[in-house]
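Have a look at the structure below before the remarks.
Not measured: the values here are computed from a predicted model. To find a chain, count down the sequence lines: A is the first, B the second, and so on, and within it residues start at 1.
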Amino acid sequence: TNPNQIISTMETQVSNGPTSNSGLPNGPPLSANGAADDSKTNLIVNYLPQNMTQEEFKSLFGSIGEIESCKLVRDKITGQSLGYGFVNYVDPNDADKAINTLNGLKLQMKTIKVSYARPSSASIRDANLYVSGLPKSMSQKEMEQLFSQYGRIITSRILVDQVTGVSRGVGFIRFDKRIEAEEAIKGLNGQKPLGASEPITVKFANNPSQKTGQALLSHLYQTTARRYTGPLHHQTQRFRLDNLLNMAYGVKRFSPITIDSMTSLAGVNLTGASSGGWCIFVYNLSPEADESVLWQLFGPFGAVTNVKVIRDFATNKCKGFGFVTMTNYEEAAMAIASLNGYRLGDRILQVSFKTSKQHKP
DNA sequence: TATGATT
């Protein structure tokens with residue numbers, strides 16, 4: 001599938017109005033201008049982890065149902081993920097299911113947002129505003145009220161201190177149309193909100209990609225170093241350092257000593273290691289378990305490329321186990337250390353690297 | 001109940 005397909009389709013789709021039939025017996029519904037109507041199948045996914053790849057993205061959303069096309073949006077020049085993407089399902093029911101099961105999923109330090117995509121057009125681009133100098137007492141609702149006089153607000157957010165939860169006086173407002181955002185800048189930039197002592201600054205928000213290399217590394221350090229907050233021993237800390245260096249320099253720096261000592265101690269072959277990543281065996285899942293539970297369990301620990309619940313062919317119920325593939329050894333090891341013995345419902349999970357039993361004496 | 005593979 002051409003990855004540009006969604007974008008090019010959306011750019012020609014200027015209206016989300018009533019759909020008309022294509023005229024063919026089983027043809028897809030067409031909108032007024034003749035473009036395919038994706039309004040019930042096409043989703044936008046926001047707040048993806050920076051390091052999530054197109055393959056991981058497709059694997060995550062492909063676990064819901066058949067995908068017509070999907071695209072992780074990247075910076076044209078640097079190739080960096082912009083942290084959002086589009087998924088167009090074949091079946092509108094799967095799009096609905098994806099929203100219900102994957103919206104709010106925690107992946108690494110992010111909580112992803114899954115919603116129907118608005119039909120794209122030039123007029124809705126660059127409609128996101130950065131607002132600073134807000135009174136700390138101003139709520140999101142109050143900020144929306146201030147801006148709503150200039151147009152329809154699609155999303156809004158006020159950033160808060162991670163520790164205290166107090167407003168940082170900084171927020172974002174996304175309008176439906178760029179011209180509405182332009183009017184809001186004219187009307188509100190440098191103005192004092194009612195009762196405020198300081199004027200606010202209103203300007204167009206930067207693209208998430210427009211970070212310098214330094215800022216990117218700094219961000220990488222923060223997200224990596226803060227990822228796990230549980231008790232840590234020395235070896236774990238070294239894993240984290242290795243991982244940071246892996247990510248910063250884009251190379252694999254697995255420590256042969258560490259892996260050899262672990263494997264020989266365990267007395268088993270690790271077959272989790274392969275070009276596709278590290279395969280993890282998860283035991284004691286309930287018969288009702290599905291792929292989304294594995295994404296939810298393992299996603300917070302790092303890059304997950306694939307999950308699989310093993311089901312009985314006849315009943316389609318989970319046979320009590322599944323597999324998860326993770327890209328990075330350190331993250332896989334952390335997930336195993338954290339999730340082995342974890343209580344899921346009334347079951348205690350047993351989690352380990354997948355082992356080979358083929359050549360056991 | 002304990003290591004897949006309807007690709």
| request: Please report, rounded to the nearest Å, how far the C1' atom of dT7(B) is from the CG atom of Asn306(A). | output: 12 Å
| query | Is it true that a side-chain atom of Glu183(A) and a backbone atom of Glu180(A) form a donor plus acceptor pair closer than 3.5 Å? | reply | no
| Sugar-phosphate, base or nothing in reach of Phe321(A), heavy atoms under 4.0 Å | sugar-phosphate
| said: I need the CH2-P distance between Trp278(A) and dT3(B), as an integer number of Å. | reply: 22 Å
| Rounded to whole angstroms, how far apart are NZ on Lys319(A) and P on dG4(B)? | 8 Å
| request: Output the single nucleotide from dA2(B), dG4(B), dT1(B) whose closest atom is nearest the side chain of Asn284(A). | output: dT1(B)
| task | Measure from NZ on Lys317(A) to P on dG4(B) and round the result to the nearest Å. | result | 22 Å
| message | Ignoring hydrogens and geometry beyond distance, is a side-chain donor-acceptor pair present between Asp96(A) and Asn100(A) at under 3.5 Å? | response | yes
| said: For Arg157(A), is there an ion pair with Glu144(A) - N to carboxylate O distance below 4.0 angstrom? | reply: no
| Is there a donor and acceptor pair closer than 3.5 Å between the side chain of Lys354(A) and the base of dG4(B)? | yes
| message | From CG of Asn316(A) over to C1' of dT6(B), roughly how many Å is that when rounded to an integer? | response | 12 Å
| message | Between Asp176(A) and Arg118(A) (salt bridge meaning N to carboxylate O under 4.0 Å), is one present in this structure? | response | yes
| Tell me: CG of Asp312(A) to C1' of dT1(B), nearest whole Å? | 12 Å
| query | Thr355(A) has a side chain; which of dT1(B), dT3(B), dG4(B) sits nearest to it? | reply | dT3(B)
| said: Expressed as a whole number of angstroms, how long is the span from Ile310(A):CD1 to dA5(B):P? | reply: 6 Å
| query | Which one, dT1(B), dT3(B), dT6(B), comes nearest to the side chain of Tyr283(A)? | reply | dT1(B)
| remark: When Gly320(A) and Lys308(A) are each assigned the nearest nucleotide of DNA chain B, the 5'-most assignment goes to Gly320(A)
| d(CZ, Phe323(A); P, dT7(B)) in whole Å | 16 Å
| query | When you measure from the side chain of Arg347(A), which nucleotide among dG4(B), dT1(B), dT3(B) comes out closest? | reply | dT1(B)
| request: Would you please test Phe281(A) and Phe353(A) for ring-ring contact (aromatic ring centres under 6.0 Å, His included) and show each step? | output: CA-CA 6 Å; Phe281(A) 173 64; Phe353(A) 283 113; over 10 Å; no
